[in-house]
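All remarks here apply to the structure that follows.
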Number of protein chains: 2
Amino acid sequence: MALQGTVIRTIFQTAASFGAAFDTLCQLSGIRPEEISNSENMVEWEKAALIWVPLFKLSEDPLIGLHVGMGTDKLLHGMIGFLIQSCKDIDQCIRMLCRYGSMASPMVEYRYTVNEVATLEIAQHQMWLMKYPEPARHANDFLLAAVMNTCSALSGKRIVPLRIELAYKMRNISEYRKFFGCEVFFNKEANRIILSKEAIATPLLTSDQSMFELFNSIMADKQALLASNSTAENLKQVLFMQFKGRIPTIEEAAAALNMTVRHLQRRLLEEQTSFRNIAGIIRKEIAIQLMQNPSIKLSEISDILGYSDLTAFRKAFKSWTNATPKALRRTRV
Amino acid sequence: MALQGTVIRTIFQTAASFGAAFDTLCQLSGIRPEEISNSENMVEWEKAALIWVPLFKLSEDPLIGLHVGMGTDKLLHGMIGFLIQSCKDIDQCIRMLCRYGSMASPMVEYRYTVNEVATLEIAQHQMWLMKYPEPARHANDFLLAAVMNTCSALSGKRIVPLRIELAYKMRNISEYRKFFGCEVFFNKEANRIILSKEAIATPLLTSDQSMFELFNSIMADKQALLASNSTAENLKQVLFMQFKGRIPTIEEAAAALNMTVRHLQRRLLEEQTSFRNIAGIIRKEIAIQLMQNPSIKLSEISDILGYSDLTAFRKAFKSWTNATPKALRRTRV
DNA sequence: ATATATTTTACGCCATGGCTTTACAGGGAA
DNA sequence: TTCCCTGTAAAGCCATGGCGTAAAATATAT
């Protein structure tokens, strides 16, 4: 899992105005400038997640994510960036973000629903939230602010949401209100931008139908290409991306892959693996990731992975790693 | 722990209009009519909690508690009933209910706060809620309705709350709305009646200052008499009544008993016991009560008692009972 | 390809031993 | 009475073995 490199470049460049030199940030984040100069290049998710640590240290700004997002008027670059700026209105922009956003940042899922109001939910992967809670918060603030800024920049009008809902604790609410221009609620169940139907109907100044169709076609082809992996790889993707407190059942996974359970089992058998095998791999990966945050207790990791019994988790862990959790934590320090 | 017997008599008499004969209810509840004919007599808490089971079976009414409460215009009887009807206004009524209510129904705590609005919270003991969730719901509905009905009856005006908040799932909301005459919210964190300041300032038709002072003096003396137990008994009372997910610490208990930690330890030593000893007794008692509901898992009981580790709970349980939890559940079936 | 039946495996639940840490017990001085 | 200090017991955390059950694997018939 990774993040489009140029998003990081944008963040670092914008942060220069907060007293943080571009080169210093690269160095402190372990990122070479060439890694983030090309919109096709992806940066490993942990490197991307942790850029906020030096950013915070250097700026001493508890709202560094929000402030950097304020200064970002182009969230994504390259092909997807061109696609978005060619959309006809804000609504289509957000739909394209939802459809292709995961190609640029697979650790974030964008969900969009339109009823009386339009709701865009930004869902970071739970593993990221658990392992690096504070950097995840800055990243989310950044995304929200950058999304709104980008919408305003492309439409030539200040787009004001109906309200913002944030899943974390309040922190200097007046800064949020000032930037978004609407009420902001903390401690909500998810991170959401709620927009009016008028707002999402706002046309873009940069709209270009033929360019839109061109870029959309290219993106769709690219997405299809990425998807033509082995069944095992696709299954891993599904299990990992749709992980929310428990591994999906084989029925759910088969449905997500548009095949029957028995067919999925046959395909996996052809590839010398099984659903149970893949599910174990995903659990192991998430467990080991979370164990690298020493403040996360073993019982929490067990709960997160869907085990209702700690002894069962211990046994499973031993079977994956041939080591006990404590022993593995010792070796990884 | 018990409940003022005449409250049950009132419930049974009111339920007669729902097709349930008084004698039948007594028989099905294992309660002799003499037990509930005297306002000074108390009925064991489990008998009192379980009266709703036959009531529900006979009436087949999922809102039996609410409906019986609707027909009850005198919540408490005897001395405390006279005290309440002698109050000057609704506000004083509720204060007396909070102060002396636990003498009539120790398994319920009434909490009252007045800010912009007046909030009366009715908190049933957690052990009751866990062991008998459905009867607890009926009892709570009954209490809420009876409290409002009693207020209206004593003041000669229909007292309409600002809103009602209930901690359980929605069930035929229109019946609640119709009776209370205000909005009702379910799935809230506690059971509360929210009243306006105008409502609580409503004077009682039955107000009598000299009778109030007489009954208040008698109740205060009686409460003081009940309290002049051994330190161990008082501590048990405090630990049990203030149990909310964990046993209070020795500091908290000492503060509740108006003495220092060291003084409490000395008093208990004089009575050949200790805080740890008393705390263990309370934990054991709650654990055994909850284990009698087979749908409550051991891990839930462990959590409820404040253990963050199931193996520690198992060990403690063995030390209290000389039996494993499963073995004890087998013998008690 | 699906449906059914049988087999296998991993999770849920139970119980216990071991080690560390922390809350309490209790003595004693002021 | 308060304050301080030392010792101890119980809770927190770790790890493992055992047994039953349900989900998944797989064989087989259609």
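Every chain is numbered from 1, with letters handed out A, B, ... down the list of sequences.
Taking atom CZ on A:Phe275 and atom P on D:dT26, their separation rounds to 14 Å, with Å as the unit. Summarising the geometry, the separation between CG on B:Leu235 and C1' on C:dA25 is reported as 14 Å, rounded to the nearest angstrom. D:dC13 atom C1' lies 13 Å from atom CE of A:Met291, rounded to whole Å. Atom CD1 of A:Ile250 and atom P of D:dT26 are 10 Å apart (whole Å). In this entry the distance linking CG of A:Leu305 with P of C:dC11 reads 10 Å, nearest Å. Distance B:Leu310 CG to C:dC11 C1': 15 Å, rounded to the nearest Å. Straight-line distance from the CG atom of A:Asn277 to the C1' atom of C:dA10: 13 Å, rounded to whole Å. Rounded to an integer number of Å, the gap from A:Arg329 CZ to D:dA15 P is 10 Å.
Using a 4.0 Å heavy-atom criterion, one finds that B:Arg283 contacts the sugar-phosphate atoms exclusively. Residue contacts shown for A:Phe313 are absent, as no nucleic acid heavy atom lies under 4.0 Å away.
Distances shorter than 4.0 Å separate none of the side-chain N or O atoms of A:Thr311 from OP1 or OP2 on C:dC14. Between B:Lys318 and the phosphate of C:dT16, there is a side-chain N or O to OP1/OP2 separation shorter than 4.0 Å. Look at A:Thr249 and you won't find any side-chain N or O under 4.0 angstrom from OP1 or OP2 of D:dA23. OP1 or OP2 of D:dC13 lies within a sub-4.0 Å distance of a side-chain N or O belonging to A:Lys297. Taking 4.0 angstrom as the limit, A:Thr324 places none of its side-chain polar atoms (N or O) nearer than this to OP1 or OP2 of D:dC14.
Looking at the side chain of B:Lys326, the nearest of the listed nucleotides C:dA15, C:dG12, D:dG12 is C:dA15. Side-chain atoms of B:Leu269 lie closest to C:dG27 of the nucleotides C:dC13, C:dG27, D:dA11.
One distance of note links CD1 of B:Ile301 with NZ of B:Lys131; it measures 10.5 Å at 0.5 Å rounding.
Take the nearest nucleotide of DNA chain D for B:Arg276 and for B:Arg266: the residue whose nucleotide is more 5' is B:Arg266. For the pair A:Ser308 and B:Lys315, both in contact range of DNA chain C, the more 5′-proximal nearest nucleotide belongs to A:Ser308.
When the options B:Thr231, B:Thr273, B:Asn234 are evaluated for a side chain to side chain contact (heavy atoms under 4.5 Å, CB included) with B:Arg267, the one that passes is B:Thr231.
With sequence neighbours excluded, no residue forms a salt bridge (charged side-chain N to carboxylate O under 4.0 Å, His left out) with A:Arg262.
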Legend entry - Verdict with supporting geometry, B:Glu44 and B:Lys47, salt bridge (Lys or Arg N to Asp or Glu O under 4.0 Å): CA-CA 6 Å; B:Glu44 188 187 14; B:Lys47 275 184 168 180; 5.2 Å; no

Inset, instruction - Output, in order, the C-alpha distance, side-chain angles, deciding distance and verdict of side chain to side chain contact (heavy atoms under 4.5 Å, CB included) for B:Phe317 and B:Thr324. - result: CA-CA 7 Å; B:Phe317 190 89; B:Thr324 65; over 6 Å; no

Inset, instruction - Assess whether salt bridge (Lys or Arg N to Asp or Glu O under 4.0 Å) is satisfied between A:Arg283 and A:Glu285, documenting all intermediate values. - result: CA-CA 5 Å; A:Arg283 285 195 182 99; A:Glu285 183 175 327; over 6 Å; no

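Aromatic ring pairs are classed by plane angle as parallel below 30°, tilted from 30° to 60° and perpendicular above 60°; the pair B:His138 and B:Phe56 is parallel. Between B:Tyr168 and B:Phe186, the ring-plane angle classifies as tilted under the 30° and 60° cut-offs.
Near DNA chain C, meaning a heavy atom under 4.0 Å away, the residues from residues 254-265 of chain A are A:Thr260, A:His263.
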